[in-house]
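Atoms considered below: every heavy atom in the structure, side chains included; atoms not considered: hydrogens, waters and symmetry mates.
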Amino acid sequence: MGAMIAALAAGCAVVAVFLSGDAVRPDRPDLEVALVAAASVLAALLAFGKARGTRITSVVFAAGAAGWAIYCLSTDIGSGTPGSSTGVLAVAAVVTLVATGLTARSNARRLRWWLAVPLVVALAVGTVTAAVIVPAQAVRSVTAATVAAPAIADRVTNRPWKWTPPTEVRDAVVAGAGVVIGGVDSDVTALDGPTGAVRWTYARPGARLRALVPTPDRLLLLAVYGGSGRDHLTVLDAFTGAPVQETLIEEASGADLLAPTNTILPAITYLGDNNFRVNALDLRTGKELWTWTAPQGCVSPFALPASGRDVVLAPLLCPDRLSVLGLDERTGTPRWEHKLPVTRPSDEKADYYLHSALDGGTVSLSLRYAGLASGAGTDVVLDAANGAVVSTMDPKASKRITLGPVAIAERSTDGKVTEATLDGGVAVDLAACPDRRAQATTPTAYLRLCVLPGGAVVVHRQELDGSPASTLPVDWPPSTDPAGALNSGFTRHALLPAPGALVAVRDGATPVIGYPAG
């Protein structure tokens with residue numbers, strides 16, 4: 001009876017090989033899990049032996065398997081992204097050890113039912129519980145009730161709120177009813193815009209927060225945690241902090257490789273010969289909705305992804321044209337195409353610079369290819385819904401549409417901005433903010449986070465109607481941290497017009513400052 005129970009437990013260990021290892025063990029089968037399962041099977045087989053020495057050997061193998069399984073389980077939980085495989089493996093290996101230990105006794109081949117039944121129950125309950133509890137054990141979460149989001153702040157008061165983060169700040173985005181702050185220790189905290197109060201929290205202690213990205217409608221939030229070759233994606237309700245769904249995705253080094261629409265996350269797969277396939281993952285179900293590949297005779301070269309509210313941008317290079325397609329987010333069928341004629345093939349690669357506005361309503365394209373018939377249409381801002389040209393851009397001063405509702409065009413010399421113009425023809429007063437750290441726009445103003453000559457930090461507001469400019473002091477201590485960068489950008493500062501407040505953020509152990517809407 002003891003040997004039969006050991007065999008049953010070893011069978012559960014084999015099942016564990018095929019269960020999810022999440023981001024810490026993305027490959028199926030995982031070598032460590034497979035070796036532990038093999039040791040458990042060998043221990044169970046030896047337990048059927050008649051010789052006492054053979055049964056003692058089975059205990060030795062079972063003890064080694066149990067010890068290594070427990071070690072794997074502890075390291076997986078410590079990673080912040082454990083799957084169910086090592087939890088089930090640990091339970092199975094421990095039951096195998098107990099069963100082989102009883103079998104090794106002189107009378108164990110007649111194991112009494114009152115010993116056998118508890119072992120079988122422990123195996124059944126333990127494996128099911130481990131499969132459910134272990135992945136959840138990695139999460140520390142407090143949710144909130146859903147609320148209506150205030151309007152995005154434009155004019156604000158000079159009476160700010162201040163929130164001191166529990167760990168160093170590494171990311172900040174606008175989502176839900178305010179802003180969401182990502183910390184260096186994997187913690188994600190949602191702050192209420194008007195008050196700065198904590199609304200909800202989510203964390204995976206031990207994991208690295210690689211990216212924090214909201215959907216264009218700010219209803220969902222993508223939190224990506226690092227693993228070993230693949231990453232764990234948790235899609236959170238931006239208002240409540242409740243997980244909507246979780247899945248594994250290819251490794252994302254940062255937010256620049258994530259460009260969700262309102263409902264899907266596009267990803268690309270290399271097919272060879274400078275050609276990529278687009279795959280669409282449904283953010284609420286985790287299922288792949290569709291795939292798109294370039295038509296026969298064409299290729300889709302790699303480009304950093306950008307998306308509109310409900311379209312995915314796909315580059316396309318054919319013998320007769322250079323294009324960007326707007327693929328419908330739910331079906332993957334082309335909704336529009338911005339195409340430029342090609343007169344001759346070129347060995348030079350085609351370059352695509354794609355960006356989308358924060359709300360996904362417009363997208364900017366800058367296309368470069370030696371075989372183009374002309375330079376017309378290479379730099380444009382398009383309506384993401386239908387591909388209509390909203391405006392053209394100067395190739396030497398392309399419009400930045402990622403700052404808010406008003407685009408800004410900048411000319412630079414040796415990396416220094418020498419001239420800047422806002423939509424509508426308003427010239428930026430560069431002298432008012434010689435040391436700019438972050439910038440944003442609202443419907444009525446151009447905002448900059450500026451460091452004054454004495455080291456003080458202020459928010460400078462330039463009105464679009466020509467009214468007098470104004471400033472707000474930012475109560476930050478002098479920076480002593482080494483230069484870093486927020487995950488969502490290339491600088492260490494962010495200025496975020498958010499629901500109910502204008503929020504200033506600096507990476508490191510610095511308070512988050514919010515100016516409520518006036």
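Considering only residues two or more places apart in sequence or on other chains, D187 meets the salt bridge (Lys or Arg N to Asp or Glu O under 4.0 Å) condition with none of them.
Looking at every heavy atom in both residues, S58 comes nearest to A43 through CB-O, 3.1 Å. Nearest heavy atoms, N275 versus Y270: O-CD1, 3.5 Å. Here the shortest heavy-atom pairing between A314 and V278 reads CB-CG2, 4.4 Å. Taking both residues in full, the closest heavy atoms of L220 and N262 are given as CD1-O, 4.2 Å, listed atom of the first, atom of the second, then distance.
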Step by step, would you call W292 with D328 a side-chain contact (heavy atoms from CB on, under 4.5 Å)?
-> CA-CA 11 Å; W292 175 89; D328 185 275; over 6 Å; no
Can you list the steps and then say if E288 with R277 is a salt bridge (charged side-chain N to carboxylate O under 4.0 Å, His left out)?
-> CA-CA 13 Å; E288 186 175 86; R277 179 180 68 233; over 6 Å; no
Evaluate side-chain contact (heavy atoms from CB on, under 4.5 Å) for R199 paired with V147, printing each intermediate quantity in order.
-> CA-CA 10 Å; R199 286 191 41 75; V147 295; 3.8 Å; yes
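Judged by distance alone, the side chain of S74 and the main-chain N or O of Y71 form a donor-acceptor pair under 3.5 Å. When atom types are taken as modelled, the side chain of D154 and the backbone of T442 share no donor-acceptor pair closer than 3.5 angstrom. Side chain of S300 to main chain of P315: a donor-acceptor pair is present (N/O by atom type, distance under 3.5 Å, no hydrogens or angles). Judged by distance alone, the side chain of D30 and the main-chain N or O of E32 form a donor-acceptor pair under 3.5 Å. Of the possible donor and acceptor atoms, none in the side chain of W200 sits under 3.5 Å from a partner among the backbone N and O of V188.
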Report all side-chain donor-acceptor pairs from residues 87-98 shorter than 3.5 Å, counting only partners two or more places apart or in another chain.
residue, atom, partner, partner atom, Å
T96, OG1, A92, O, 2.7

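One side chain, R330 or T263, offers a donor N or O that lies under 3.5 Å from an acceptor on the other.
Interatomic distance, CD of E246 versus CG of L236, reported as 8.0 Å (0.5 Å rounding). With rounding to the nearest 0.5 angstrom, the CG atom of L45 is 11.0 Å from the CZ atom of F61.
Applying side chain to side chain contact (heavy atoms under 4.5 Å, CB included) to V169 and the options I181, T189, V184 leaves one that passes, I181.
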